[in-house]
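Notes to accompany the following structure.
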Amino acid sequence: MIIDANVQPHFRYNAEIRRYLPATHKLRSIPDVEQQWYQAPGGDYREDLYGDHYPGSDPQTVARHLFDEAGVQYAILNPLTRGNIADYLLNSRICAAVNDWLLDRWLEPDGTDRFRGTIRVNPEDPRGAVAEIERLAGHPKLVQVGVPLQSREPYGKPMFEPIWEAAAAHGLPVAVHINGGNGVDHAPTFAGHAHTYPGYAAFMPLNYFVHLATLIVEGVFGRHPDLKFVFADGGYDILTPLMWRLDTFWLSMRDQTPWVDRYPSEYLPGHVRFCSSAFDGPVDTGQRQRWMDFSDKSALVMYGSSYPHWSTTTPDVMVAGLDDAQRDKVLWENANELYQLTSPVERSAR
């Protein structure tokens, strides 16, 4: 069984989003989703997907590629919006429009019943984000909340906590994903902007650790034991050394964080998952089983193709070199535990 935990559906054309915006926002200037600050040299999407439809924009085509050809049973759709926009109210309306479009074009007409979706919210508008979660959390095909990796502040800061509290109350994980678009994009490194796409692609995903560390150190996971975060851009190759470092400093300065009642690394299993379309770690497949044992990564990582992104890989590439138990965890068990996708009958049959 295979669950693809990270698929990005796209609009058929840039102006399609306006059909889902309120009348007061239809004429507003909205960034073109194609005009990102950093462009992959060969194009943002897989070369073979350019053709009759914009890549990732036709549900039937996506279903054929994922379900028929790649052997995927379920796909979690995590659409992008337009990046961070200075007008936070407009940004919130864009998120709501993306959600309505996802329901209207992808989830409601889905005859396969194999697509699941994401409630996109704007974390710079906590009140609006909570309202959007409350509006859509009851839909059976919406299984997580989505926020951009780019942020002015780490997600452990108090201003964001009402969003995480609402998500946890409805049993919805929070998926953090790089959200491109010609908006107010924050620097991919702590020292500023990279000059090239390779610099951006190498450094931006690693910002997840700042969010993760503050969620632990600020006590967010402690206050919300059911809260789960999905870091959907990989980067788990840096997890072990940085968690070791965080454990060490916490141990020597526990008086500053009395609400953190265990080693920071011990929060990972109950609160954190990663998506990756490629293996973050040794290129030598003979070393991968041992590598996954560090920080028990096989219990944290979920296969996510990032379809139709240029870097998308097939499931067999992602799990090459892993043992059977690790393969099952990465390909479907971790995602199924998180999203509860299979019925008891289906689970017992396997």
Axial cation check for Tyr307 ring with Arg46, 6.0 Å and 45° limits =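 Not flagged: Arg46 not positioned over aromatic ring of Tyr307.
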Arg116 NZ/CZ over Tyr339 ring centroid, <6.0 Å and within 45° of normal = no
Ring pair (Phe, Tyr, Trp, His ring centres under 6.0 Å) contacts in which one or both residues fall within residues 240-260, not counting sequence neighbours = Trp250-Tyr263
Any non-hydrogen side-chain atom of [X] less than 4.5 Å from a side-chain atom of [Y]?
X	Y	result
Phe115	Phe67	yes
Phe229	Phe221	yes
Tyr155	Glu218	no
His271	Pro173	no

Derivation and outcome, side chain to side chain contact (heavy atoms under 4.5 Å, CB included), residues Leu142 and Leu103 | CA-CA 9 Å; Leu142 292 170; Leu103 288 169; 4.1 Å; yes
Criterion ring pair (Phe, Tyr, Trp, His ring centres under 6.0 Å) on Tyr54 and Tyr45, from CA distance to verdict = CA-CA 10 Å; Tyr54 190 83; Tyr45 310 118; 5.6 Å; yes
Is it true that Lys297 and Asp280 make a salt bridge, defined as a side-chain N closer than 4.0 Å to a carboxylate O?
-> no
Would you call Arg64-Asp58 a salt bridge at under 4.0 Å N-O?
->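 No, Arg64 and Asp58 are not salt-bridged.
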Using the six-membered ring wherever Trp is involved, compare the ring planes of Trp291 and Phe294 and label them parallel, tilted or perpendicular (cut-offs 30° and 60°).
->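 The rings of Trp291 and Phe294 stand perpendicular, inter-plane angle above 60°.
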Which of these passes side chain to side chain donor-acceptor pair (under 3.5 Å) with Ser305: Asp4, Asn6, Thr314?
-> Asp4
Are any side-chain N or O atoms of Asp296 and backbone N or O atoms of Leu300, one a donor and one an acceptor, separated by less than 3.5 Å?
->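 No, the answer is negative, given that no donor and acceptor are paired below the 3.5 Å cut-off.
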Taking the side chain from Arg288 and the backbone from Ala320, do they hold a donor-acceptor pair closer than 3.5 Å?
->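 Indeed, once roles are kept as given, a pair shorter than 3.5 Å links the two residues.
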Ala137 and Leu172: which non-hydrogen atoms are nearest, and at how many Å?
-> CB-CD1, 4.0 Å
Tell me who clusters with Leu27, hydrophobic residues only, linked when side chains sit under 4.5 Å apart either directly or through other members.
-> none
Who pairs with His25 by ring-ring contact (aromatic ring centres under 6.0 Å, His included), at least two apart in sequence or on another chain?
-> none
Check: Asp113/Tyr74 side-chain N/O donor and acceptor closer than 3.5 Å =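 There is no such pair (donor and acceptor under 3.5 Å, judged by atom type) between the side chains of Asp113 and Tyr74.
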Do the side-chain N and O atoms of Thr81 and Asn91 include a donor-acceptor pair separated by under 3.5 angstrom?
-> no
Would Ile238 and Tyr236 show up in the same hydrophobic cluster when neighbours are defined by side-chain heavy atoms closer than 4.5 Å?
-> yes
